[in-house]
Structure formats: C-alpha cells, structure tokens
Protein chains: 2
Amino acid sequence: MATLSEVARLAGVTTATVSNVLRNPGKVRPATVARVEAAIAQLGYRPNLMARALARGKSCMVALVLPSITNPFYPELVRVAERVARQRKYFLMVCNTDEDPEIGHAYLNQIAGTLADGVLVLHMGMATEVIEELRGRHAPIVLASEEFEDFSDGLPHVIVNFRRAGQVAAEHLLKLGHRKIGVIVGRGLEGMQHLRLEGFKHALLDAGVAFDESCVQCVLDTVPGGYQATSSLLSTHPDMTAIFATNDLLAFGASQALADRGIRIPGDISLIGITDIQLAQQMRPALTTVALHIQEIAKISINLLLDLIENPGHQPILVRAPEPELVVRASTSSLRRGHLHRG
Amino acid sequence: MATLSEVARLAGVTTATVSNVLRNPGKVRPATVARVEAAIAQLGYRPNLMARALARGKSCMVALVLPSITNPFYPELVRVAERVARQRKYFLMVCNTDEDPEIGHAYLNQIAGTLADGVLVLHMGMATEVIEELRGRHAPIVLASEEFEDFSDGLPHVIVNFRRAGQVAAEHLLKLGHRKIGVIVGRGLEGMQHLRLEGFKHALLDAGVAFDESCVQCVLDTVPGGYQATSSLLSTHPDMTAIFATNDLLAFGASQALADRGIRIPGDISLIGITDIQLAQQMRPALTTVALHIQEIAKISINLLLDLIENPGHQPILVRAPEPELVVRASTSSLRRGHLHRG
DNA sequence: ACACCAGATTTAAACGCTTAAATGCGGGCA
DNA sequence: TGCCCGCATTTAAGCGTTTAAATCTGGTGT
C-alpha cells in the first residue's frame with residue numbers, strides 16, 4: 001500500500017505538497033499538480049484514513065447505536081441516516097446492541113470520541129444504563145427517543161412524541177366505537193414504551209371510557225411477542241373488539257394470531273399499530289397505524305449530530321420530531337353489532 | 001479527552017509503561033500497575049483507537065458491504081456477523097450501497113485497507129462493477145455470493161449454491177403435481193438471481209416438463225416487485241397453479257397480490273420462495289421456502305475474513321456454504337382437480 | 001540594479017499510540 | 001567487594017497524515 005511519502009518521492013516533491021494537491025489543489029502550481037497526480041495514479045495511492053483522522057483530529061465517522069438491527073424500524077432509519085451522512089462526507093458506523101446493555105456500554109465507551117466524531121443513540125427501547133453512560137462524554141452525542149425528563153438535560157435530544165402517538169391511536173379506535181380494547185405494549189429491555197400507553201389511557205380518560213389494566217399485555221418487541229400477547233388477550237378477553245399495539249411489529253404478530261384462529265380483521269377485531277414501517281402497508285389487511293415519520297426522524301437526528309460536530313455549541317439542544325399522524329388503512333373499521341357476541 | 005502522556009505524567013511513568021499496563025500487564029510491577037490504573041481512572045482515560053490503529057498497523061475494524069439494508073435478509077446476516085466479529089475483538093462497519101455501484105465503489109475505495117483491516121462483500125444482488133473493483137486490492141476481502149467462474153479466481157469466496165436452491169424449489173412443486181408454474185426472479189441491479197432460475201429450469205427439464213419462458217417475471221428485489229410480478233402473471237397466465245419466487249421477499253409480495261384478489265394460498269395457488277428469512281415463517285399462510293441458512297453463511301464468511309486478516313495466506317480460498325434445504329410450511333399443497341378452471 | 005512581494009514549496013512539529021532496543025537498578029554469587 | 005544477570009522502566013523512533021511557519025524563487029516597480 002503506497003504512502004504519501006512514496007508518492008512525494010516519485011513526483012519529486014515533499015509530502016506537504018502532495019497533501020496540498022489532495023486537499024487544496026488551488027495552492028499548487030498546475031504543473032506540479034499534474035506531476036503529483038500522475039504519481040498517485042501510478043502507485044495506486046489511496047490516503048490512509050486513520051492517519052488522516054489522527055492528524056486532523058477528526059475521523060469523519062459517526063456511530064449510530066441501535067438496539068435491534070432485525071426490527072425493520074431501524075434499517076429504515078439507518079438507510080436515510082446513512083444517505084444524509086454520506087452527503088455530508090461522513091461515514092456511518094452502525095452498532096447493534098441486540099438490546100444488551102453491556103454491548104451498548106462497550107460501544108459507547110470504545111467508540112465515542114476515539115473512533116467516531118460523534119454518536120447518535122437511538123434510545124427507543126434501549127436500556128437506561130446505556131443512556132447513563134452517555135453523560136460526561138465529551139464527544140457530541142445525540143439521543144433520539146421518547147421524552148424523558150431525566151435525560152432532557154445534559155444531552156442533545158430529538159424528541160419523538162410517543163405519548164401523542166398513543167393518543168391518536170386511541171382516538172381513532174374510540175371514534176369507530178370501540179370500547180373493549182386489548183393493548184400490547186412492547187418493552188424492549190427496559191419497558192420503554194410506557195408513554196405510548198399513557199397517551200392511550202389519557203385519550204380513553206378524556207372520552208370517559210374506563211380503562212381495564214388487565215387488557216394490557218407487556219411483551220418483547222418482536223413479532224412472536226405480538227403473537228403471544230394476542231393469544232393471551234384472546235383467552236382472557238374474548239369480547240374485545242380491537243387491539244392496539246404500541247408498534248407495527250407487534251401488530252403484525254397480532255394479525256397472525258388472529259389469522260390462525262380464523263378471526264377476521266377488521267370484521268371481528270380491529271387492529272392498530274404505531275410507527276408506519278413499510279411492513280404496515282404490506283400486511284394484509286394493510287395496517288392502520290400512527291406514522292412516526294421515520295425518515296424525518298433520521299434526517300433531523302443525524303443532521304443535528306453533524307451540526308454539533310462541525311460547530312460545537314455547548315448548550316444541549318432539544319428538537320421535536322414531526323407530530324405523529326394517523327394513517328388509516330384496512331385493519332380498522334367501525335364497531336358493528338354482533339361484535340360483543342362473537343366470543 | 002485525556003491522552004496516554006497525561007496519564008503517564010500523572011502516574012509518574014512514561015507512556016511506554018502506561019501502554020504496557022494496558023496491553024501486557026504481566027510485564028509491569030504490580031505497584032506500578034496500580035498507580036497507572038489509578039491515574040487512568042482519575043482522568044477517565046480511554047485509548048484513542050485511531051492512534052492505536054495507526055501505530056499497530058491494524059484497526060480491528062472490518063467492513064461489511066451489502067446492497068440493501070432494508071431487505072431483511074441482510075440485517076439477519078449482519079446481526080450474526082457482528083456478534084462473531086465482536087467475539088473476536090473486531091468492530092463491524094456496516095456499509096449499505098443501496099444497490100448503487102457508485103456508492104459501493106466509494107466504500108471499497110476509501111475503506112478497504114485504510115480504515116478497515118478487511119472487507120466482507122455480500123455479492124448477492126450486487127453490481128458486477130463493484131466486484132471488479134475488488135481485484136488488485138491488497139486488504140483481505142471475502143466475497144459471499146453465487147458461484148461465478150469469473151470471480152472465483154483472485155478472491156476468497158464463500159459460495160452459496162443458489163442453483164441447487166432453485167432446483168429444490170422446483171422439485172418440491174413438481175412432486176406436488178404442479179406443471180404450470182409462474183416464476184418471479186429478482187434482479188437487484190444486475191440480474192444476479194439467474195442461477196436460481198437455472199436450477200429451477202434444470203429440475204423441470206429433468207422431470208421432462210416443458211418450461212415456458214413467458215412465465216418468468218423479472219423485477220426489483222422488493223415486496224412491491226413481487227406484488228407487481230404476480231399481478232402480471234395472473235393476467236397473462238391465469239391457469240398457473242403455483243408461483244416460484246427466487247426469494248422470500250418477492251414471495252411475500254406475491255402473497256399480497258393473491259390475497260388482494262381473493263386467491264387462496266395454497267388452495268388456489270401454491271407459493272414457494274428461497275432464503276427462509278424470519279418473515280417466511282411469520283407470513284400467513286407460512287411460506288414454504290428453501291433455506292439458505294443465513295446464520296451459517298454469516299459465520300463462515302466473517303470467520304474466513306478474520307482468519308485471513310490474522311493469518312494472511314495468499315492463496316484465494318473457496319468455502320461452500322451449507323446446502324440449501326427445503327422447509328415445508330403452509331403455502332404449498334398438492335395440485336387438485338379444479339385448479340385449471342379457476343381463471 | 002535593488003529591494004520587495006506574492007506565490008510555490010519545504011521544513012518540521014504534531015496527532016496519540018506502540019515497540020524494539022537501550023538503560024538503570026538491585027540482588028545473588030564468588 | 002565486585003561482577004553478572006534479570007527485571008522494570010525509559011528512550012526514541014515510527015505509524016501516515018496535516019499544517020503553520022519558514023524558505024526559496026522569480027517577477028515587479030522604481
């Protein structure tokens with residue numbers, strides 16, 4: 001692997017000149033530029049990014065720490081974040097913790113500030129411990145997550161209004177006449193989807209509808225989790241007419257459980273999720289859900305992080321993601337008589 | 001951010017000693033170790049991985065270049081590869097090209113050998129140009145892909161027997177009595193799934209069944225692609241009794257198209273895919289498919305790459321992934337009379 | 001013909017760490 | 001008491017860049 005100095009020797013100049021050819025071609029005489037470029041081509045030289053990073057004190061890499069790479073929410077977000085980062089001349093390192101706080105801890109500890117210029121932590125479902133780890137880091141760190149009073153100080157923060165999302169979902173179901181609603185809450189490792197549930201409860205309260213805690217199933221944030229939760233709900237509350245899942249993946253699991261029992265959606269039971277991942281519109285029936293605007297979250301977060309890196313203002317910054325928005329598809333319908341007598 | 005020399009000064013030793021405490025604690029007197037460790041703790045020192053990489057000529061990072069992060073096949077593979085890499089003390093950089101050869105080119109050009117100690121390229125569906133780019137690189141590179149005579153020289157290579165996968169799928173359908181079979185072939189950017197089709201044709205030939213080229217739809221490797229292909233097939237070949245999709249994502253799209261028309265699976269049309277991503281068993285009806293053993297592919301590939309990095313034997317190595325295996329679920333059934341008269 | 005100046009190039013230090021080789025130190029042995 | 005040796009530590013060079021400051025060059029103005 002050729003180095004700068006080999007190029008310099010071949011071109012009959014010093015490394016400083018070669019470096020300038022690479023970075024400020026304007027400062028070098030055209031004839032020299034040509035000579036150097038010829039040498040570069042001849043040797044197949046490519047700059048060593050490690051050395052460059054060390055010399056410049058900047059690696060142009062940012063890390064994206066997320067709890068689960070197989071949950072499609074994240075890849076959809078990663079894709080956009082990566083594109084934005086690339087446009088701004090940064091590499092994105094994707095770090096998957098698999099919901100293991102140890103791993104998250106290790107990544108943050110090792111990478112932040114020593115390999116990456118900054119870190120974007122997707123907190124959704126991520127363990128609290130990991131977040132705690134972030135305080136006192138010097139490298140720019142941006143958190144995208146639910147609104148947590150405890151965290152909102154100290155760290156730049158992109159806030160997603162999950163509470164509102166739960167509320168929107170509830171309002172939709174209420175408007176359709178549903179009263180007996182099963183709830184499936186994802187918990188990741190640390191029970192992080194409570195706000196969605198709170199928003200949901202809040203809407204019921206506002207409508208004067210009693211909320212039955214026994215209708216809540218709290219499960220792992222996966223398709224099988226949703227399946228299992230639905231099975232439980234069906235056995236304990238056979239009279240429910242709708243299911244609210246705190247995210248689309250759980251809702252997908254729910255739809256399977258219903259399909260396996262020959263229960264029709266939305267004919268027998270309506271189903272609503274949150275997030276609007278691609279799968280939501282691909283399910284059959286297509287899933288009614290509350291869109292969180294994944295792409296916007298990705299853009300806002302990564303841009304905030306890069307802004308902070310390039311222009312370190314010390315004050316933590318809070319940015320709000322777009323408001324959640326109801327997307328009505330085919331999995332919900334008005335309550336009709338007969339519902340209550342199915343079970 | 002504290003540096004080695006600050007730690008050294010605080011502990012009253014030189015940087016060499018601190019470095020040794022970090023890397024060969026055996027070589028340092030216990031009392032000194034304690035003193036240095038105290039200094040490290042006091043300053044919150046964490047080694048700069050860039051500097052370390054530069055000094056050692058090894059970054060302990062490997063890149064994983066893949067064509068699409070939103071195709072669930074890849075996240076499932078990434079997850080395993082990352083775990084293995086972590087166990088072997090490497091970081092995994094995930095690089096998504098979004099099927100854009102330019103991006104793949106840029107990643108390989110910039111990262112291989114200058115940031116990462118090695119690169120694992122998942123060729124499935126990746127552009128030929130990108131592969132060409134790999135020749136003549138000095139950094140270890142491993143390719144996981146279909147068997148290509150053109151590529152098998154020159155590069156270490158994990159070979160997945162896609163041809164056999166297509167064959168297995170066809171044999172299954174033939175055994176069930178299907179003769180009019182629609183085919184959906186994914187093409188990524190470069191028409192890379194031909195081998196699966198060839199295997200399929202081969203099996204038909206062996207069974208003495210004529211193959212109708214007009215039954216083949218070639219589409220983008222996505223859910224909507226599968227949907228669209230199925231719609232076309234239904235209009236041109238209403239009498240088909242089965243659909244073979246070259247991967248599960250396409251099959252998922254197909255299942256939607258069928259559902260939207262009230263066509264039952266497998267009652268009216270049988271459906272088979274390839275890969276066995278998680279979605280396959282989560283679909284309803286669950287998808288019959290040919291398992292490629294994603295996790296095994298991931299393990300084999302990443303281990304090969306790391307072996308090559310740690311122990312550079314110059315000769316290219318070919319490794320075979322496990323043979324594809326039929327997984328029968330609910331989306332296929334024997335041909336029954338009445339099929340031919342539906343359309 | 002001279003001093004001056006801008007532009008082009010070089011010098012040399014720095015980035016934070018590693019590592020082979022050199023040094024210093026104290027104890028065991030004769 | 002003096003020598004040798006092994007252990008612990010330091011020295012110093014090197015990894016491949018960048019970059020501010022220094023140097024050199026030739027052309028300009030007078």
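Proteins come first, then strands; the chains are lettered A, B, ... in the order of their sequence lines, and each starts at number 1.
Note on B/T17: a base of the nucleic acid sits closer than 4.0 angstrom, heavy atoms only. Contacts of B/V18 with the nucleic acid, taken as non-hydrogen atoms under 4.0 Å apart, are absent.
Here D/dT17 presents its P atom at 19 Å from NZ of A/K58, a figure rounded to the nearest Å. Between A/N20 atom CG and D/dT19 atom C1' the separation is 8 Å, expressed in whole Å. Between the CZ atom of A/R9 and the P atom of D/dG16 there is a distance of 12 Å, rounded to whole Å. Between the CG atom of B/L54 and the C1' atom of D/dA13 there is a distance of 13 Å, given to the nearest Å. One interatomic measurement links the two molecules: OH of A/Y45 to C1' of D/dT17, which rounds to 7 Å at whole-angstrom precision. A/E6 places its CD atom 8 Å from the P atom of D/dG16, with the value rounded to the nearest Å. Residue B/L115 contributes atom CG, which lies 15 Å from atom P of D/dG16 at whole-angstrom precision. Rounded to whole Å, the distance from CG on A/L22 to C1' on D/dG16 is 12 Å.
Using a 4.5 Å heavy-atom cutoff, the side chains of B/H157 and B/V142 are not in contact. Contact annotation: the side chain of B/F91 approaches that of B/L49 to within less than 4.5 Å [non-hydrogen atoms, C-beta and beyond]. Here the side chains of A/N96 and A/Y74 are not in contact, with every heavy-atom distance at 4.5 Å or above.
Applying the 4.0 Å criterion to OP1 and OP2 of D/dT9, one finds that B/R29 has a side-chain N or O inside that range.
A 4.0 Å heavy-atom criterion places the boundary nucleotides of DNA chain C facing chain B at C/dG16 to C/dT19, written 5' to 3'.
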Kindly determine whether A/L64 and A/M93 satisfy side-chain contact (heavy atoms from CB on, under 4.5 Å), including the steps that lead there.
-> CA-CA 6 Å; A/L64 174 50; A/M93 279 193 72; over 6 Å; no
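Ion pairing between A/R187 and A/D221 fails under the 4.0 Å rule for side-chain N and carboxylate O. No salt bridge links A/D98 with B/R86; every basic N to acidic carboxylate O contact stays at or beyond 4.0 Å.
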Enumerate donor-acceptor pairs with a distance under 3.5 Å from any side-chain N or O in residues 20-33 of chain B to protein atoms, sequence neighbours excluded.
{"from": "B/N20", "atom 1": "OD1", "to": "B/N24", "atom 2": "ND2", "distance (Å)": "2.9"}

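Looking at which nucleotide of DNA chain D each of B/R35 and B/A55 is closest to, the 5′-most match is held by B/R35.
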